[in-house]
Amino acid sequence: MKNESRVIGRRVSRIDATEKVTGSFKYPSDLTMPGLLHAVVLRSPHGHAEIEEIESSAAESLEGVIKVFTAKDVSQELFGEIVKDTPIFAREKVRYYGEPVACVLADSEDVARNAIKKIKVKYKTLPEVFDPSEAMKEEAPLIHDNYPGNIAVEKKAERGDVEKAFAECAVIEKDTFTLPYVHQVPLEPNGCIAFVDERGQLNLYTPNQSPAWLRSRLAELFNLDLFQVRVIQIQGGGGFGGKCPLTIEQICVALALDIKRPVRLVNNREEDFYATWGRVPMKIELELGADKSGKLLAKRSRVIADNGAYSNIAPGVLSTALTRIDSLYRLKNVENIGWLVYTNKIPTGMFRGFGNPQITFTVETLIDRLAARLNIDPGEMRKRNAPCAGDVSVHGWNLKSCGLTECIAICMEESNWNWKGPGKMEKGKKVYRGQGLACCIHVAGNRGVYPSFDGSAAEVRIGPDGGVKVLSGEGEIGCGANTTFAQIAAEILGVEMERIQVPEVDSCYSPFGLGAYASRVTAIGGNAVKNAAENALEQLKEEAACLMGLNKEEIIYEEGRFKSGDKTLTFEEVCREGCYSKGGTTIVGKGTYIPQDVTIADKETLYGNISPSYSFGAQLVDLEIDVETGKVKILDFLAVQDLGRVLNPLGAEGQLEGGVIMGIGYALSEELVLGEKGEVINPRYRDYKIPLAIDSPQVRVKFVETNDPVGPFGAKSVGEPALVPTAPAIANAIFNAVGIKVNSLPITPEKMKMELQKKIRELEEKE
Amino acid sequence: MQIKLSINGQKKNVEINPGDTLLKAIRRLGLTGTKEGCGEGECGACTVLLDGLPINSCLYLAFNAQGKDILTIEGLKGKNGLHPVQKAFVEEGAIQCGYCTPGMVLISKALIDRNPHPTEEEIRNSLSGNLCRCTGYVKIVNAVKRVAEGGKRNEK
Ligand code: FES
Ligand code: FES
């Protein structure tokens, strides 16, 4: 297409980069306002206990304390996305260590922090259960009276004839995998400010990833009219899914509604581990079979997912774990059953990749074991099973574009791929090298989260000054969405980036958009922006025609100029004259995008084409294992992604690089360790180990551009899939290096050392 | 109590409590570019330069910073625009959420001042007290390399 690459596809710096690099950018925790009060939450010191009495007078009498809130002072409604089971403050009992029990509102944060220590709560402890498999047993303590067996949700996704298909397999591999509780740990802990204005409108400043969804949840919880709730998104310091669910906003709002003064609630680092809910830990029993050519024939999975004490978004995460991977290859026979189980632990929620990293880890590692038994190169084996554009997958996913085969091929070509089966250990050898490959599929906007609508709307407003404002409800959480939107508008309107502003999401003026989850923003929000910009351009052409006394059809727009014959008007002239000739009005280009042929997956069967497009990726790692220390060192890492079309290489590379390093953390070092009562043993960066610069490789990134027919300029998603194949690629490289079958994460040096020693003993016993 | 601090070349009187950290004092002055990621000396988001040397301002007592030159991110940009490190961060795409950025920029500046041509390992080493959860460090390392190479070119 003509002109298409003027801005799109260029290495464009973020539109907020200068503000951020000079320290002038204001994050949620930087905000303040006159009369601001500070809230600090008192959290439960028990995993499971009845609350007998709360004595708060000592705290309340402290100077500077305004009020102490407990369950009786706030809305009695329960909240939760699919299962409503969560109170704002614990009522009769607490169900996890860290559950909000009370909250102090004071003049300063220091006073409030001091005051929570003075609240006396009498508890009667109850038996706790932490392991989901134990929690499912009949004798287990019941966490919610109305959920027998502690099962919040049970789901199935079955297709084809699994029994028959397994009977036809030449090889079958089976294992049980344990995937840990990992946390997003964004650099800025979550925080928000709420106040009620004189007209009774609730205002909330928040980094929440989904302002519109948040707004409707708050209106429901507090029984307010939607129009009475104003949500203003302030870009926060990292989200990764953790800032999507309702976790602290409801507390801040409850206080503000009561006290009628602005309330600030900002977690400290330790609190953030309790108040921002991490990845759903899973125990997955997986069985996978192939024929002798390596064609995958059948898959059976049993997923026990740890909900924690309350159901947040985990039911959706379970559905993802039960289905998503099945469309990565041309599988026809699958039988997946999963249970989401209550335990006395911190609730779990959404984290980049949703349930995909968990299930992908299991399938992608078993494929390498199958390949080893069949003596087929695992890269070749994956290519043999890869789908093509035009395929409809086993769960009804309509793959309109698919570059998986190319992704795998590039990985193999660009990495000295030299796979010779699982490694064997030798006596006396101290260092082993291995290569591993793994793939993924991900959505670009998953239908079914917001009950009534999953589309997006945008406005491109152009004033007499020639400035362009792009309004979208999707918001920015740090991934660069606003820069992408500005690029799209600049491309369509043929203007320079500097002319474009993307104001923050404010429900007061922003059109509808669901926000940053399910990798939907570029694909869905971007299409809406594109349509809005096109609509604005049409209106400008009309204005130009009018000014020239011609018909719109006679106008050509090129490089910022409206032309017809020898008549020319510049972009500025048309904006100015066009707007002023109509009383100074603003030209408003409107655009919406509603994904076509996309449905909410069937509640019972989980069947349905849930996303307008699907992106694919392959990652290859070259690593070294030190036998003495058990340390895994990444020597080279290549990530190849079919994201449809690269809109901005700087942004797309950054997403992949950051995702891979986060995936390396998931694979090698990260785990939230819980103590006897469910308390977090390692709620700080020193002990919860995310990768440091010194541990991280200079990740190489490549793209496959399949130009998706649906996405804006052909783009699909990249943010979430970036970390999905990372951990299994590493596990496969370990298998390739030393023949060890990894079935739990993280692969810490201690764990690795134990496994290595076990192998060495086996070796010695054989002699 | 009141103390005198010299921040970004300006003398300021600051009201503090005796135990207040430098981070708190700086932010109270409205200089919120210095971030708090942990308050425990483990993330580097609060990095400032004291007499040219990087410190975690969340661990440093404001009282002890008297008589020293404090450089925060707000003071780095010169009359002629962005500092070369800032410029490189913008152009290399080393910024995503940006919450680590002020600390990363200052620690990189301190490195370049000390060692104008660091190797990749030296860069990674000196960035290792500063966490970034978004970028995977690749573009941050590239930005510092770019400054180092620019330095080389200037010498010729
Ligand atoms: S806030 Fe100072 S090191 Fe984290
Ligand atoms: S850019 Fe977000 S933490 Fe570094």
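Throughout, a chain's letter reflects where its sequence line sits, starting with A, and its residues are numbered from 1.
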> Do B:K24 and A:D110 have side chains that get closer than 4.5 Å, going by heavy atoms?
Replying inline: yes
>> Can you tell me which portion of B:V90 sits under 4.5 Å from chain A's heavy atoms? Options are side chain, backbone, both or neither.
In response: both
> What are the two closest heavy atoms between A:Y685 and B:C38, and how far apart are they?
Replying inline: CD1-CB, 3.9 Å
> If you count heavy-atom pairs under 4.5 Å with chain A, which of B:I140, B:V141, B:V105 comes out on top?
Replying inline: B:V141
> In terms of heavy-atom proximity below 4.5 Å to chain B, should A:T22 be classed as side chain, backbone, both, or neither?
Replying inline: both
> Looking only at side chains, do B:R133 and A:Q184 share a donor and an acceptor under 3.5 Å apart?
Replying inline: no
> In Å, rounded to the nearest 0.5 Å, how long is the span from OG1 of A:T18 to CD1 of B:I95?
Replying inline: 7.5 Å
> Which atoms of A:P189 come close to chain B, meaning under 4.5 Å heavy atom to heavy atom: side chain ones, backbone ones, both, or neither?
Replying inline: side chain
> Between the side chain of B:R124 and the main-chain N/O of A:D695, is any donor-acceptor distance below 3.5 Å?
Replying inline: no
> Quick one: which residues of residues 659-668 of chain A reach chain B at under 4.5 angstrom, heavy atoms only?
Replying inline: A:I661, A:M662
>> Ignoring hydrogens, what is the shortest heavy-atom contact between B:C134 and A:F240? Give both atom names and the distance.
In response: SG-CZ, 3.6 Å
>> Quick check on B:E92 against chain A: is it the side chain, the backbone, both or neither that has a heavy atom closer than 4.5 Å?
In response: backbone
> Of the backbone (N, CA, C, O) and the side chain (C-beta and beyond), which part of A:Q235 lies under 4.5 Å from a heavy atom of chain B, both, or neither?
Replying inline: side chain
> Is any side-chain N of the basic residue among A:E653 and B:K139 closer than 4.0 Å to the acidic one's carboxylate O?
Replying inline: yes
>> Heavy-atom cut-off 4.5 Å, strictly under: side chain, backbone, both or neither for B:T135 against chain A?
In response: backbone
> If you count heavy-atom pairs under 4.5 Å between each of A:V12, A:L187, A:N268, A:D16 and chain B, which one has the most?
Replying inline: A:L187
>> For chain B, which candidate among A:P649, A:G236, A:G239, A:S29 shows the most heavy-atom pairs at distances under 4.5 Å?
In response: A:S29
>> Report which part of B:Q96 has an atom under 4.5 Å of a heavy atom belonging to chain A: side chain, backbone, both, or neither.
In response: both
> Where do B:Y99 and A:Y27 come nearest, in terms of heavy atoms and distance?
Replying inline: N-OH, 3.3 Å
> Contact part of A:R684 toward chain B, heavy-atom cut-off under 4.5 Å: side chain, backbone, both or neither?
Replying inline: both
> Looking at A:G23 and B:E74, what are the two nearest heavy atoms and their distance?
Replying inline: O-OE2, 4.0 Å
> Which one, A:G480, A:G237, A:S696, leads in non-hydrogen pairs under 4.5 Å with chain B?
Replying inline: A:S696
> Contact part of A:N267 toward chain B, heavy-atom cut-off under 4.5 Å: side chain, backbone, both or neither?
Replying inline: neither
>> Regarding B:N142 and A:Q698, do their side chains bring together a donor and an acceptor under 3.5 Å, going by distance alone?
In response: yes
> Roughly how far, to the nearest 0.5 Å, is CD of B:E42 from CD1 of A:I690?
Replying inline: 11.0 Å
> Which of residues 77-85 of chain B get closer than 4.5 angstrom to chain A, counting heavy atoms alone?
Replying inline: B:K77, B:L82
>> Out of B:E121, B:R27, B:E91, return the one with the most heavy atom pairs under 4.5 angstrom to chain A.
In response: B:R27
> Side chain, backbone, both or neither: which part of A:D30 has a heavy atom under 4.5 Å from chain B?
Replying inline: both
> CD of B:E15: more than 12 outside heavy atoms within 6.0 angstrom?
Replying inline: yes
> Hey, is the main chain of A:V21 close enough, under 3.5 Å, to the side chain of B:Q86 for a donor-acceptor pair?
Replying inline: yes
> So how far is it from B:C43 SG to A:E188 CD, rounded to the nearest 0.5 Å?
Replying inline: 11.5 Å
> chain B: which of A:L692, A:D272, A:I477 shares the most heavy-atom pairs with it under 4.5 Å?
Replying inline: A:L692
>> Heavy-atom pairs under 4.5 Å with chain B - which of A:K26, A:E670, A:R11 has more of them than the others?
In response: A:E670
